[in-house]
Amino acid sequence: QVRLVESGGGLVQPGGSLRLSCAASGFTFSRYAMNWYRQGPRKERELVAAITSADGSTNYEDSVKGRFIISRDNAKNTVYLQMNNLKPEDTALYYCNAERTTALYKYRYWGQGTQVTVSS
């Protein structure tokens, strides 16, 4: 059974940091691109950070560039999101996502999410 389990969310003051983790199982982790999405109150889900399966190159949503770092440890089947200098607008439910596209099928898996709240 495919599973993606997020952890590390919580309540933090503006300017603080959190490190999110996503533990994966049930599929060949190293062959999947891994992504972090988030959905804030009254907002649409958006892609925050992505890391490729091939060379580990990364991409970030403009508002988090320079503050967030996505990384992966294929030996541990885990992807991380280091979140620094957090702002109230970062408040959202953060989802771990795994994606792989083959010639015939697109695989997409989602975790249940972990809540991040940035408030004084």
Side-chain angles (χ1 to χ4, degrees):
Q1 176 80 329
V2 170
R3 296 187 68 187
L4 295 172
V5 182
E6 301 98 332
S7 62
L11 175 64
V12 64
Q13 294 184 348
S17 297
L18 287 173
R19 188 194 192 207
L20 306 184
S21 298
C22 174
S25 61
F27 63 99
T28 306
F29 179 83
S30 62
R31 297 181 181 178
Y32 282 71
M34 298 300 298
N35 312 288
W36 287 96
Y37 286 81
R38 69 184 180 188
Q39 186 166 14
R42 300 173 298 280
K43 297 180 180 179
E44 294 185 350
R45 184 181 63 185
E46 66 176 351
L47 178 64
V48 177
I51 185 166
T52 67
S53 62
D55 58 2
S57 62
T58 59
N59 284 289
Y60 299 93
E61 197 274 327
D62 287 342
S63 68
V64 309
K65 288 181 179 177
R67 299 190 297 121
F68 291 9
I69 301 171
I70 187 172
S71 62
R72 65 191 297 161
D73 187 337
N74 288 342
K76 296 181 178 180
N77 285 2
T78 302
V79 63
Y80 306 94
L81 185 67
Q82 179 66 46
M83 309 165 67
N84 301 315
N85 192 24
L86 284 160
K87 304 176 183 298
E89 51 264 41
D90 296 319
T91 295
L93 188 64
Y94 283 72
Y95 295 94
C96 179
N97 162 259
E99 296 188 1
R100 182 191 180 201
T101 300
T102 67
L104 299 176
Y105 194 75
K106 185 177 181 66
Y107 300 86
R108 295 172 61 92
Y109 305 126
W110 294 90
Q112 291 297 115
T114 184
Q115 179 67 40
V116 172
T117 302
V118 185
S119 176
S120 299

Stepwise, does the side chain to side chain contact (heavy atoms under 4.5 Å, CB included) test hold for K106 with E99?
-> CA-CA 7 Å; K106 185 177 181 66; E99 296 188 1; 3.7 Å; yes

key: Flag, side chain of E6 to backbone of G113, donor-acceptor distance under 3.5 Å   = yes

task = Verify the neighbour count for atom CD of Q112: are there more than 12 heavy atoms of other residues, nucleotides or ligands below 6.0 Å?
result = no

The reported gap from CG in N77 to OH in Y32 (rounded to nearest 0.5 angstrom) is 12.0 Å

Query raised in the report: With distance as the sole test, does T117 use its side chain to make a donor-acceptor pair with the main-chain N or O of L11 at under 3.5 Å?
Result: no

To the nearest 0.5 Å, atom OH of Y95 lies from atom CH2 of W110 at 9.0 Å

Nearest heavy-atom approach of V116 to G9 is CG2-CA, 4.2 Å

V2 reachable from V79 in the ILVMFWY side-chain graph, under 4.5 Å edges: yes

_Hydrophobic cluster membership, I51 vs L18, 4.5 Å side-chain cutoff_ = yes

In terms of heavy-atom contacts, S53 and A33 come closest through CB-N, 3.8 Å

Legend entry - Parallel, tilted or perpendicular: ring planes of Y105 versus Y107, cut at 30 and 60 degrees: perpendicular

Strictly by modelled atom types, are R38 and Y94 linked by a side-chain donor-acceptor pair under 3.5 Å? yes

Practice item. State whether the side chain of R67 and the backbone N or O of N85 hold a donor-acceptor pair below 3.5 Å, judged by distance alone. Key: yes

In this structure, CG of L47 is separated from CG of N97 (nearest 0.5 Å) by 8.0 Å

inquiry  = Does R108, at its CZ atom, have more than 12 non-hydrogen atoms belonging to other residues, nucleotides or ligands within less than 6.0 Å?
reply    = yes

Using a 4.5 Å cut-off on heavy atoms from C-beta on, say whether the side chain of P88 contacts that of P14. yes

Determine whether a donor-acceptor pair (N or O, by modelled atom type, separation under 3.5 Å) exists between the side chain of R3 and the backbone of G111.
no

Separation between OG1 (T102) and CZ (R31), nearest 0.5 Å, reads 11.5 Å

Q. Can Y80 be reached from V48 by stepping across I, L, V, M, F, W or Y side chains whose heavy atoms are under 4.5 Å apart?
A. no

(request) Kindly work out whether a path of hydrophobic side-chain contacts (I/L/V/M/F/W/Y, heavy atoms less than 4.5 Å apart) joins M34 to F68. (result) yes

Donor-acceptor check, side chain of Q39 to backbone of K43, threshold 3.5 angstrom: yes or no? yes

Rounded to the nearest 0.5 angstrom, the CD1-CE distance for I69 and M83 is 12.0 Å

*asked:* Any carboxylate oxygen within less than 4.0 angstrom of a Lys/Arg side-chain nitrogen, looking at D90 and K87?
replied: no

Exercise for review: May I ask you to establish whether R100 and F27 are in a cation-pi arrangement, using a distance under 6.0 Å from NZ or CZ to the six-membered ring centre and at most 45° from the ring axis?
Suggested key: no

Residues A50 and N35: closest non-hydrogen pair is CB-OD1, 3.0 Å

Quick one: do L20 and Y109 end up in the same hydrophobic cluster if we chain Ile, Leu, Val, Met, Phe, Trp and Tyr together by side-chain heavy atoms under 4.5 Å apart? yes

Quick one: are Q13 and L86 in side-chain contact, heavy atoms under 4.5 Å? no

Scanning both residues in full, the closest heavy-atom pair of F29 with A24 reads CD1-CB, 3.6 Å

So OG of S57 and CD1 of I70: to nearest 0.5 Å the spacing works out to 10.5 Å

Side chains of S17 and N84: is there a donor and an acceptor less than 3.5 Å apart? yes

